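Start at 1 and go down the list; that is how both ligands and their atoms are numbered. This one's a predicted model, so the numbers in the text were calculated from it and none came from an experiment.
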Amino acid sequence: MADNGTVKPASYEPADQEHQKLINQWPEYPPQLREACEEYGRNVEKLSYKLLELISMSLGLPAKRFNGFFKEQISSIRLNHYPPCPTPELALGVGRHKDPGALTVLAQDDVSGLEVKRKADGEWIRVKPIPDSYIINVGDIVQVWSNDKYESAEHRVVVNSERERFSIPFFFNPSYYTIVKPIEELINDENPAKYKEYNWGMFLSMRKNGNFKKLEVENLQIHHFKIT
Ligand SMILES: O=C(O)CCC(=O)C(=O)O
Ligand SMILES: [Fe+2]
């Protein structure tokens, strides 16, 4: 689900001037679903702005330093359902990836399945569900804006043979035309920019579908923009 009326380019071909309006399609039943999702979206968006402002302040920047990038945000909500799987060792709910946007606010139920890769040794660590709490993922964009002060963690979802699992991520994403690069105020001779700038909408469209596919080669990743 996206905000009704969210506008994106129809494709990311530079010559293509066409735009596409995102319209949510709602099932007839349950009839309350639409309102519940829209209300949830409005509130989780507010929370995301608060988190973003705290991150900005933690970097020594004005609280609203990043807000301008979200004027025509392309945030979205996904409702994930992972049915029980008879052979969980042969399948993944979601393959390993890093969230490409700014932040993800994730609600999960009491069935675990989310795993985060520990940087020190590459071990997959299970994220224990804590009732009435969210999991906040820093996305690639905050990693780049902060010039690596914050890091986007690699994660995946495993399934089990007994219980279905539900999760609801809110992807807080800036306007599609945002040029992402380390924030100027954080860059100086001692701390030079660690990333080349890139076009967020283009990055997203090149990444699309990659999360759910078994890829022979790695798809577009943020480290491809790293200045070495
Ligand atoms: O289901 C989950 O816990 C996480 C899903 C996820 O990582 C994603 O949709 O990006
Ligand atoms: Fe994710």
Exercise. Hey, can you tell me if F166 and H81 have their rings parallel, tilted or perpendicular (30° and 60° cut-offs)?
Key: parallel
The atoms of ligand 1 lying under 4.0 Å from a heavy atom of F171, numbered in the order shown, are 8 (C), 9 (O), 10 (O)
* Asked: Relative to each other, are the rings of Y134 and Y40 parallel, tilted or perpendicular (30° and 60° limits)?
  -> tilted
Honestly, for R78 the part within reach of ligand 1 (heavy atoms, under 4.0 Å) is side chain
side-chain contact (heavy atoms from CB on, under 4.5 Å) with W200: of D140, I74, I179, V144, only one passes, and it is I74
Within the 4.0 Å heavy-atom cut-off, what H155 brings close to ligand 1 is side chain
Logged contact type for L106 with ligand 1, heavy-atom cut-off 4.0 Å, is side chain
Q108-ligand 1 polar pair, N/O distance under 3.5 Å:
no
- request: Inspect the contact between K64 and E53 and indicate whether a charged nitrogen and a carboxylate oxygen are less than 4.0 angstrom apart.
  value: yes
Per residue H155, nearest N, O or S atom to the Fe ion (ligand 2) is named NE2
Per-atom filter on ligand 1: closer than 4.0 angstrom to a heavy atom of Y82 are 1 (O), 2 (C), 5 (C)
Is a salt bridge present between E154 and K119, judged by a nitrogen-to-oxygen distance below 4.0 Å? no
Checking heavy atoms under 4.0 Å, the part of T104 that sits near ligand 1 is neither
hydrophobic_cluster_shared for I136 and Y150, side chain cutoff 4.5 Å
yes
Per-atom filter on ligand 1: closer than 4.0 angstrom to a heavy atom of D99 are 10 (O)
- Item | Ionic contact status for R163 with D109, cut-off 4.0 Å | no
| message | I'd like to know if R156 contacts ligand 1, where contact means a heavy-atom distance under 4.0 Å to any ligand atom. | response | no
Here the vertex angle at the Fe ion (ligand 2) for NE2 of H97 and OD1 of D99, given to 10°, is 90°
In ligand 1, the atoms that come under 4.0 Å of a heavy atom of N80 are 1 (O), 5 (C), 9 (O)
R165 side-chain N/O to V111 backbone N/O, donor-acceptor pair under 3.5 Å:
yes
